[in-house]
Q: 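The structure that follows is given in the form of structure tokens.
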Amino acid sequence: MTTPTIHVGIIQQAPYIRFTLHGTFRTASGRTLSGTHRAAFAEGALTLDGETCTRLAFTPADETASFTLEQVTIGHSFHWQRQEDQTFTGSLTIIPDADGMTAINDIDVESYLTSVISSEMRATSAPEFLKAHAVISRSWLLAQIGRRRGPQTQAAHPDFRLTDDEHIRWHDREDHDLFDVCADDHCQRYQGITRAMNPAAAQAISETRGQVLADRRGHVCDARFSKCCGGASEHFAACWDDRDPDYLQPVRDCPPPALLPDLTREDEARRWMTSAPEAFCHTDDPAILSQILNDYDRETTPDFYRWTVRYTQAELSRLLRERTGTDFGAILDLTPLERGASGRIVRLRVVGERRSLTIGKELEIRRALSPTHLFSSAFVVDRGEGMPPQEFTLHGAGWGHGVGLCQIGAAVMGARGYSYRDILAHYYRNTQLLTLY
Ligand SMILES: [Zn+2]
Ligand SMILES: [Zn+2]
């Protein structure tokens with residue numbers, strides 16, 4: 001197998017696209033081209049610098065060529081959204097679509113991953129942690145490509161289960177139509193060669209070239225990960241549809257022989273979340289945390305292994321009304337009906353004076369109980385004085401869905417001298433490393 005090429009969507013819905021070719025590129029008709037140009041799509045006609053053409057595709061004549069796209073929007077709908085010029089290697093294709101134009105960068109998977117890991121990971125990270133991340137990013141990517149380009153065997157399954165009494169939804173990433181992945185956080189953030197390359201990340205990619213995580217049948221794993229498991233990782237079905245992949249089994253996040261208590265039970269979940277058991281991700285080492293969390297997250301969220309959130313009755317009833325669209329009246333109780341293996345709540349009963357409703361799965365619960373996102377759905381609830389109670393306190397564990405690799409735990413393992421093979425085998429049971437190319 002040769003190195004696969006990936007199609008990355010960079011700009012969408014632009015009325016026109018301005019770009020600069022550095023070095024020599026070949027057009028679809030075989031002409032050579034360089035310099036700054038403008039592509040537009042209006043009244044059914046595709047134009048390059050005002051001249052009608054049939055196809056806009058630009059292939060570099062040699063490896064030193066690159067191109068710059070003007071005013072690329074990054075961080076769609078995040079608090080740091082902004083526009084900037086970005087530079088890429090590989091080919092550029094611009095295609096018209098229903099809303100304007102889409103710029104697509106065709107690039108080999110290894111160069112793409114070098115860029116992604118460079119911007120996601122700090123150069124100070126332990127090399128073995130970076131290698132583990134390189135393998136899971138590659139696995140995730142090749143699993144996506146395989147699914148999107150492969151035969152459409154999967155029947156579309158609904159991502160909700162709604163009755164009058166129960167609202168259960170889950171949110172998995174939707175595939176793109178025109179390309180394999182987008183350049184934003186929806187897939188993996190990709191900024192071409194705009195940022196300086198991180199040499200440690202580039203080395204992790206080249207040392208694991210072509211390596212993917214596969215299940216026992218040899219299928220590439222959809223290798224999920226989250227920031228901090230809270231001491232135990234979670235089943236896939238607690239967060240998404242009711243599948244139970246062999247390679248995403250709950251793991252107690254520390255060296256053997258520590259056992260995972262039965263956190264689906266309320267008494268065990270309470271003991272777990274109101275104490276701070278040993279775990280790889282139980283750390284406050286700033287050198288480790290700076291590898292995973294950006295400065296903004298580190299300042300605003302110092303405690304994520306065990307955390308506490310308090311709401312007054314007025315705050316909680318308003319929040320739940322705004323976030324779920326349901327007027328519960330005064331909130332009488334929040335009752336967990338079902339927990340996953342990590343203690344994450346899968347179905348939560350909101351008991352109100354006017355009405356009650358069961359909500360799930362984990363992301364819906366996190367959205368309902370915070371103006372943004374609660375750190376995780378692994379929490380126990382203490383009701384304050386009175387009826388209705390005057391306040392509610394949530395004692396919680398971890399940050400994110402908790403399925404697959406725990407980034408903070410993996411960074412600690414890397415710093416303690418575990419190899420990337422050990423790290424991957426710890427978080428993904430029943431797997432093997434395969435070298436595809
Ligand atoms: Zn995407
Ligand atoms: Zn962990």
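All residue numbers refer to positions in the sequence shown, counting from 1. Numbering of ligands and ligand atoms starts at 1, following listing order.
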Q: Kindly state each residue pair satisfying side-chain hydrogen bond (donor to acceptor under 3.5 Å, both in side chains) with at least one member in residues 251-261, sequence neighbours excluded.
A: Asp253-His426, Asp253-Tyr427

Q: Tell me if a side-chain donor or acceptor on His219 pairs with a main-chain N or O of Arg216 at a distance below 3.5 Å.
A: no

Q: Do the charged groups of Arg270 and Asp382 touch, with an N to O distance under 4.0 Å?
A: yes

Q: Would you confirm whether Arg344, through its side chain, and His401, through its main-chain N or O, come within 3.5 Å as a donor-acceptor pair?
A: yes

Q: Using the Zn ion (ligand 1) as the vertex, how large is the angle between NE2 of His176 and SG of Cys182, rounded to 10 degrees?
A: 110°

Q: Does a side-chain N-to-carboxylate-O contact under 4.0 Å join Glu315 and Arg310?
A: no

Q: Measuring from the Zn ion (ligand 1), name the closest N, O or S atom belonging to His186.
A: ND1

Q: Sub-3.5 Å donor-acceptor pair from the side chain of Ser91 to the main-chain atoms of Thr59, do we have one?
A: no

Q: With 2.8 Å as the threshold, which protein atoms of type N, O or S lie near the Zn ion (ligand 2)? Leave waters out.
A: Cys229 SG, Asp253 OD2, Cys281 SG, Cys406 SG

Q: Are the charged groups of Asp222 and Arg243 less than 4.0 angstrom apart, N to O?
A: no

